Amino acid sequence: RTCEVWRQLGLTEALEEISVPRDWTTQVIHVDSLAGEEVARATWGRLAGEESLALSPCRYTLSSQNKIDPVLARMASAYPQTQVHFNREFLDVRDEGSHVVARVRDVTTDEVEEIAAQWLIAADGAASGIKKQLDIGTSGVRSPRYYLNNEFRADLSRWTEGRPAILYMVTSEQIAGIFVPLDGQRHWLCQINFDPKVDTPESWTRERALARIRSMIDSPEAKDVEIDMVASTVWAPDAGVADQLRKGRVLLTGDAAHVVPPFGGFGMNIGVQSVHNLAWKLAAVIEGWAPIELLDSYGQERRKVAQDVCSFGTYNAQKIVEV
C-alpha cells in the first residue's frame, strides 16, 4: 500500500532502485550466530514474487529510511511551492484560531524566525515537542526491552553466501540480536538486545558495540573483518497512539501520532498511509470543497488503524520471543 501511495507521486522507479534485491526479501533465518548453525527458517515467497502483481500494480519493495528520505527530499524540493530547510529547531506554536504562528530557530546562526500558516502538521517524531506543548497524551505500552541499532559497512558475505535473508536472527541468549541487510552487499544494520537494568544505554561505547557485533558473528575470522561503524542508536519498542490527532489547527502524523513496535515493519508504512489520509483531506478544506469538520475523520480513522497495528506488532514480538 505504501508503494501505491508513492506511485501516485511518480516514485516507483526511484524506490525500486534503492530496494534490497528480491532474493534477499523472501525469508528470515534463525541462527545460533551468523557463522553458526541454522536453527529455523521462515519463507514467504508469494509476497515478493510475481503473484503480488495480481493484488496491486506495485511490487513488494523493501528499503531503509536512510535511503528513502533523500528520495522524498528531492521530490519535495522540486515543487515550486515548497521550501525545505535543514538545521532548524521548532520552539513553539501559537494557535490564533484562524491561523498558527510557529517559532523556529536556525541552529547554525541562532536566529529565531516566526512563521505564520493556516495549518501546522506535526511530523516531529516519537518524542514530539509539538505534542508535548499541546498537552496531548499518548495511550499505549512502554516496553521493558531495549535495543542498540548499529548501522555499519562490512563484508559479511562469507557467512551469508548461498542463504540470503532479510533478517538473520541470532537466538543465543548471551548474544541475542538481529543482522539486517540494507543493500544486499556491504551495508548492514545490527540490532543488539540488552537489559537496561544490567547495561545502561550509556555503557554501549563504539568499541563495546563492535565487540558485540563480532561475537554475534562468532567466527575466528570475525576479528579480522573491517567494520566501518556509521551510527549507533538506543531505542525501546514502545507501542502508543496519541489521544487525539487534531487540536485546533495543529495535526499530528507519523511517529508523533503513533509509535508502532518494529516487529513486522509497520512503522514507516502506517506513517505514510496516515499522512496520505491527512493530505487529501487538508487539501479539500484549504481548497474549499469540504468543510473543516472533515479533518476530524482523520483521527477517527487513523487512530483505530494505529491501535490495531500496535496490537499486531506486539503479537509479533511475543511470537519472536517464543521462537
Side-chain angles (χ1 to χ4, degrees), residues 1-6 15 19-20 24-30 40-49 51-52 54-56 58-65 68 123 125-128 131 136-147 149 165-171 176-180 189 191 193 233 235-245 252-278 297-323:
R1 174 60 185 152
T2 300
C3 290
E4 291 173 355
V5 170
W6 281 333
L15 291 168
S19 178
V20 175
W24 286 80
T25 65
T26 61
Q27 59 191 1
V28 169
I29 295 177
H30 296 259
R41 184 182 294 220
T43 304
W44 57 84
R46 290 188 64 216
L47 189 60
E51 295 93 333
S52 64
L55 307 174
S56 170
C58 297
R59 291 179 178 272
Y60 174 77
T61 303
L62 194 61
S63 192
S64 53
Q65 189 173 349
I68 293 170
S128 170
K131 182 167 64 175
I136 297 175
T138 299
S139 301
V141 179
R142 294 297 302 271
S143 173
R145 302 160 65 92
Y146 274 65
Y147 298 90
N149 271 5
I166 194 50
L167 298 175
Y168 297 87
M169 304 192 72
V170 178
T171 57
I178 302 173
F179 286 96
V180 185
L189 183 76
Q191 178 181 289
N193 303 7
T233 308
W235 60 280
D238 297 332
V241 181
D243 295 336
Q244 59 189 102
L245 301 191
L252 273 58
T253 198
D255 282 1
H258 35 60
V259 178
V260 179
F263 309 102
F266 304 113
M268 188 176 222
N269 288 286
I270 187 177
V272 170
Q273 291 161 32
S274 285
V275 81
H276 179 263
N277 182 291
L278 170 60
S297 72
Y298 164 64
Q300 293 163 358
E301 293 173 4
R302 297 309 300 178
R303 286 190 74 253
K304 178 63 170 66
V305 173
Q307 289 163 351
D308 290 346
V309 172
C310 280
S311 296
F312 193 64
T314 303
Y315 168 82
N316 266 355
Q318 293 167 347
K319 288 298 178 184
I320 290 170
V321 172
E322 287 177 17
V323 171

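Bear in mind that the values here come from a model prediction, so they are computed numbers and not experimental data. Only heavy atoms go into these numbers, but all of them, side chains included; no hydrogens, no water, no symmetry mates.
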Practice problem: Evaluate the criterion side-chain contact (heavy atoms from CB on, under 4.5 Å) for residue pair Ile29 and Leu167; output intermediate values, then yes/no. | Solution: CA-CA 6 Å; Ile29 295 177; Leu167 298 175; over 6 Å; no
Quiz item: What are the two closest heavy atoms between Leu245 and Gly299, and how far apart are they?
Solution: CD1-CA, 3.8 Å
Practice problem: Give the C-alpha distance, both sets of side-chain angles, the deciding distance and a yes or no for side-chain contact (heavy atoms from CB on, under 4.5 Å) between Leu278 and Arg302. | Solution: CA-CA 9 Å; Leu278 170 60; Arg302 297 309 300 178; over 6 Å; no
Quiz item: Which value, rounded to the nearest 0.5 Å, describes the distance between Ser63 atom OG and Met268 atom CE?
Solution: 9.0 Å
Exercise. Return the minimal non-hydrogen interatomic distance between Gln244 and Ile136, and the atom names on each side.
Key: O-CG2, 3.6 Å
Exercise. Scan residues 311-321 for pairs that pass salt bridge (charged side-chain N to carboxylate O under 4.0 Å, His left out), counting only residues two or more places apart or in two chains.
Key: Lys319-Glu322
Quiz prompt | Lys131 side chain reached by Leu252 side chain, heavy atoms, under 4.5 Å | solution = yes
Practice problem: Indicate yes or no: at least one non-hydrogen side-chain atom of Tyr298 is less than 4.5 angstrom from one of Thr253. | Solution: yes
Self-check item: Taking every non-hydrogen atom, the tightest pair across Ala242 and Arg303
Solution: O-NE, 2.7 Å
Quiz item: Is it the case that more than 12 heavy atoms not belonging to Tyr146 sit under 6.0 Å from its OH atom?
Solution: no
Practice problem: Flag the pair Val241 / Cys310 as yes when at least one side-chain heavy-atom distance between them is below 4.5 Å, and no otherwise. | Solution: yes
Quiz item: Looking only at heavy atoms, what is the nearest atom pair of Leu15 and Thr61, with distance?
Solution: O-CG2, 3.8 Å
Quiz item: Heavy atoms, side chains only, cut-off 4.5 Å: are His30 and Val170 in contact?
Solution: no
Quiz item: So how far is it from Leu62 CG to Thr26 OG1, rounded to the nearest 0.5 Å?
Solution: 11.0 Å
Quiz item: Quick one: does Arg1's side chain get under 4.5 Å of His276's, heavy atoms only?
Solution: yes
Self-check item: Partners meeting side chain to side chain donor-acceptor pair (under 3.5 Å) with Asp308 (sequence neighbours left out)
Solution: Lys304
Quiz item: Shortest non-hydrogen contact from Asn193 to Gly177?
Solution: OD1-CA, 3.7 Å
Self-check item: Qualifying salt bridge (charged side-chain N to carboxylate O under 4.0 Å, His left out) pairs with a residue from residues 235-244, counting only residues at least two apart or across chains
Solution: Arg142-Asp238
Quiz item: Heavy atoms, side chains only, cut-off 4.5 Å: are Val180 and Gln191 in contact?
Solution: no
Practice problem: Quick one: list whatever passes side chain to side chain donor-acceptor pair (under 3.5 Å) with Gln300, sequence neighbours left out. | Solution: none
Self-check item: Pairing residues for Thr2 by the side chain to side chain contact (heavy atoms under 4.5 Å, CB included) criterion, not counting sequence neighbours
Solution: Trp6, Asn269, Val272, Gln273
Self-check item: ring-ring contact (aromatic ring centres under 6.0 Å, His included) involving Tyr147 - partner list, sequence neighbours excluded
Solution: Trp235
Quiz item: Is there side-chain contact between Val28 and Ile166, with at least one heavy-atom pair below 4.5 Å?
Solution: yes
Practice problem: Evaluate the side-chain proximity of Arg59 to Cys3: yes if any heavy-atom separation is below 4.5 Å, no if none is. | Solution: no
